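Contents: one structure, followed by commentary.
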Amino acid sequence: MFLLSYDCVLCHHGVEETLFHLLLGCSFAQECWIHLGIFANLLDEPYDILESFKQQLQVPFFMEIIIIMSWSIWNDWIFKGISQFVQSYLSTFKLVFTQVILRVKEDWKSTMSWLDQIV
């Protein structure tokens, strides 16, 4: 596919928009993760970053958090054209994650309190 530019449209730093960049390396994406209390060492391999996220979150449903935030970043920008305001992406994350909470095991619900701390 030919495009006029393959640069990331979220951070405007002239960096090629790869999957890794869009979801982890982009300064905008990093800000979204930071609001969840997750920090990525971009020098690590992707699998090591996932392990780091797991350790930072310390919840049994860490993969759901990662998937939903990744989906929020991708879906809101690419398909919905939502502006580059972190609050928009966090709102999408909270909405979808709240729906996921309805289907979790009862003993996991007590560990969901961190969601209230997301600004």
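Keep in mind it's a predicted model, so treat the numbers as computed, not measured.
- Side-chain atoms of Gln58 come within 3.5 Å of backbone N or O of Gln55 as a donor-acceptor pair.
- Both Met63 and Phe97 are part of a single hydrophobic cluster, where members link through side-chain heavy atoms under 4.5 Å apart.
- Side chain of Ser52 to backbone of Asp48: no donor-acceptor contact under 3.5 angstrom is found.
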With a cut-off of 3.5 Å and sequence neighbours excluded, list every side-chain donor-acceptor pair involving residues 23-30.
residue: Gln30; atom: NE2; partner: Leu24; partner atom: O; Å: 3.4
residue: Gln30; atom: NE2; partner: Gly25; partner atom: O; Å: 3.0

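- Of the residues listed (Ile73, Ile66, Ile67), the one engaging Ser70 in a side-chain contact (heavy atoms from CB on, under 4.5 Å) is Ile66, and it is the only one.
- Note on Leu50 and Leu43: separate hydrophobic clusters, where clusters join Ile, Leu, Val, Met, Phe, Trp and Tyr whose side-chain heavy atoms are under 4.5 Å apart, directly or indirectly.
- Not a single donor-acceptor pair under 3.5 Å links the side chain of Glu64 to the backbone N or O of Val100.
- Between the CD1 atom in Ile68 and the CG atom in Leu95 there is a gap of 10.0 Å [rounded to 0.5 Å].
- A search for side-chain hydrogen bond (donor to acceptor under 3.5 Å, both in side chains) contacts involving Glu31 returns nothing, not counting sequence neighbours.
- Both Phe20 and Met69 sit in one connected hydrophobic cluster of ILVMFWY residues. Membership requires side-chain heavy atoms under 4.5 Å apart, directly or through other members.
- Residues Gln56 and Gly37 share a closest heavy-atom pair of OE1-O, 3.7 Å.
- Leu19 and Trp71 fall within the same hydrophobic cluster, defined by Ile, Leu, Val, Met, Phe, Trp and Tyr side-chain heavy atoms under 4.5 Å apart, directly or through other members.
- Counting non-hydrogen atoms of neighbouring residues, nucleotides and ligands closer than 6.0 angstrom, the CD atom of Gln99 exceeds 12 such neighbours.
- Residues satisfying the ring-ring contact (aromatic ring centres under 6.0 Å, His included) test with Phe53, not counting sequence neighbours, are Trp33.
- The CG atom of Leu22 sits 5.0 Å away from the CD atom of Glu17 when rounded to the nearest 0.5 Å.
- A pairwise comparison of heavy atoms in Leu57 and Leu36 identifies CD2-O, 4.4 Å as the closest pair.
- Linking ILVMFWY residues whenever their side-chain heavy atoms come closer than 4.5 Å, directly or via other members, places Val59 and Ile38 in the same cluster.
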